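Shown next, in structure tokens, is the structure this report addresses.
Hydrogens, waters and symmetry mates play no part in the numbers below; they use all other heavy atoms, side chains included. Here the structure is a predicted model, which is why all the values come from computation and not from measurement.
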Amino acid sequence: MNSSIFKITLTLLIVIVAGCASQPQSSIEVTRFHLNKDIAPQNINIEPAKGVDDSSLEYQSYATAVANELAELGFTSVDGNDAPLFAAVKISRQVQQQAPKRSPFSIGIGGGSFGSSGGVSGGVSVPLGGSSGGEALVNTLDVQLIRRAENAVSWEGEAIASNDGGAGFVSVEQLTAALFKGFPGASGKTVKVIASPTQSQNQ
């Protein structure tokens, strides 16, 4: 390999590594629990779970998103607290310390001789991507569908979103859509959804 080819190869490697590093992704982990019974579309109240401030803008944003997703499933959100079913909405956010991650991918450069006074042999393996760890903001949305008469939970879902390497933050709509995707979902199974992150921290 002559010096010109080596320099071009090295330049391409730098571009590839930079591209991988500049496109971190956010993931949403979703877990649902239910009794494997049909939940017929019906009138439903959207209510804050115990301890949640229903006057906060954050709660209002999530309550609206939950109502919209349930409407797509055929439920009708109504005012008051006399619907036979209600959705208890709980939200939380916290900062977690993330461990550094090494990428499982690398590119190897084969050895060869070049230059006018000898050569270089062997090879170089360059890792692609990975992250340096640091702090990540983790948002959690938990929704329970509760039969009012029996005060019994028919369905519960939890969606957890965290940014990876400064990827930005998934939106309220993305987090809520992931929670209700494929409703009611497989009970007790955790699935991961890769979201295109936004750059806004407004949830």
Taking the side chain from [X] and the backbone from [Y], do they hold a donor-acceptor pair closer than 3.5 Å?
| X | Y | value |
| --- | --- | --- |
| Glu58 | Ser56 | no |
| Asp53 | Ser55 | yes |
| Gln60 | Asp54 | yes |
| Glu69 | Val66 | no |
| Asn45 | Val78 | yes |

For the atom pair [atom1] ([X]) and [atom2] ([Y]), what is the distance rounded to the nearest 0.5 Å?
| X | Y | atom1 | atom2 | answer |
| --- | --- | --- | --- | --- |
| Gln42 | Leu145 | CD | CG | 9.0 Å |
| Asp38 | Ser154 | CG | OG | 11.5 Å |
| Lys90 | Leu141 | NZ | CG | 11.5 Å |
| Ser162 | Arg93 | OG | CZ | 13.5 Å |
| Leu179 | Gln174 | CG | CD | 14.0 Å |

Applying a strict under-4.5 Å side-chain criterion to I, L, V, M, F, W and Y, I'd like to know whether [X] and [Y] cluster together.
| X | Y | value |
| --- | --- | --- |
| Leu175 | Trp155 | yes |
| Val153 | Phe180 | no |
| Leu70 | Ile91 | yes |
| Val143 | Ile146 | no |
| Leu73 | Phe33 | no |

Please report the shortest heavy-atom distance between [X] and [Y], naming the atom on each side.
| X | Y | result |
| --- | --- | --- |
| Gly74 | Pro41 | O-CB, 3.3 Å |
| Glu158 | Asp142 | CB-OD2, 3.9 Å |
| Ala178 | Val30 | O-CG2, 3.7 Å |

ask   = Side chains of Ile46 and Val89: does their closest heavy-atom pair fall under 4.5 Å?
value = yes

CA sep, side-chain torsions, deciding dist, call: Asn43, Phe75, side chain to side chain contact (heavy atoms under 4.5 Å, CB included) = CA-CA 6 Å; Asn43 288 348; Phe75 294 86; over 6 Å; no

By side chain to side chain contact (heavy atoms under 4.5 Å, CB included) - contacts of [X] (at least two apart):
| X | answer |
| --- | --- |
| Ala65 | Val172, Thr176 |
| Glu72 | none |
| Asn68 | Thr64 |

request  = Determine, stepwise, if the pair Val170 / Ile28 fulfils side chain to side chain contact (heavy atoms under 4.5 Å, CB included).
outcome  = CA-CA 8 Å; Val170 298; Ile28 303 173; 4.2 Å; yes

task = For Phe86, check ring pair (Phe, Tyr, Trp, His ring centres under 6.0 Å) against everything at least two apart and list the hits.
result =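 Expected list: none.
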
request  = Under the side chain to side chain contact (heavy atoms under 4.5 Å, CB included) rule, what do Tyr62 and Val52 come out as? Steps first, then yes or no, please.
outcome  = CA-CA 12 Å; Tyr62 278 104; Val52 175; over 6 Å; no

request  = Just grab all the salt bridge (charged side-chain N to carboxylate O under 4.0 Å, His left out) pairs involving residues 145-155, residues at least two apart or on different chains.
outcome  = Glu47-Arg148, Arg147-Glu150

Please table the atom pairs, donor to acceptor, closer than 3.5 Å between any side-chain atom in residues 182-194 and protein atoms at least two apart or in another chain.
residue, atom, partner, partner atom, Å
Ser187, OG, His34, N, 3.1
Ser187, OG, His34, O, 3.3
Thr190, OG1, Thr31, OG1, 2.7

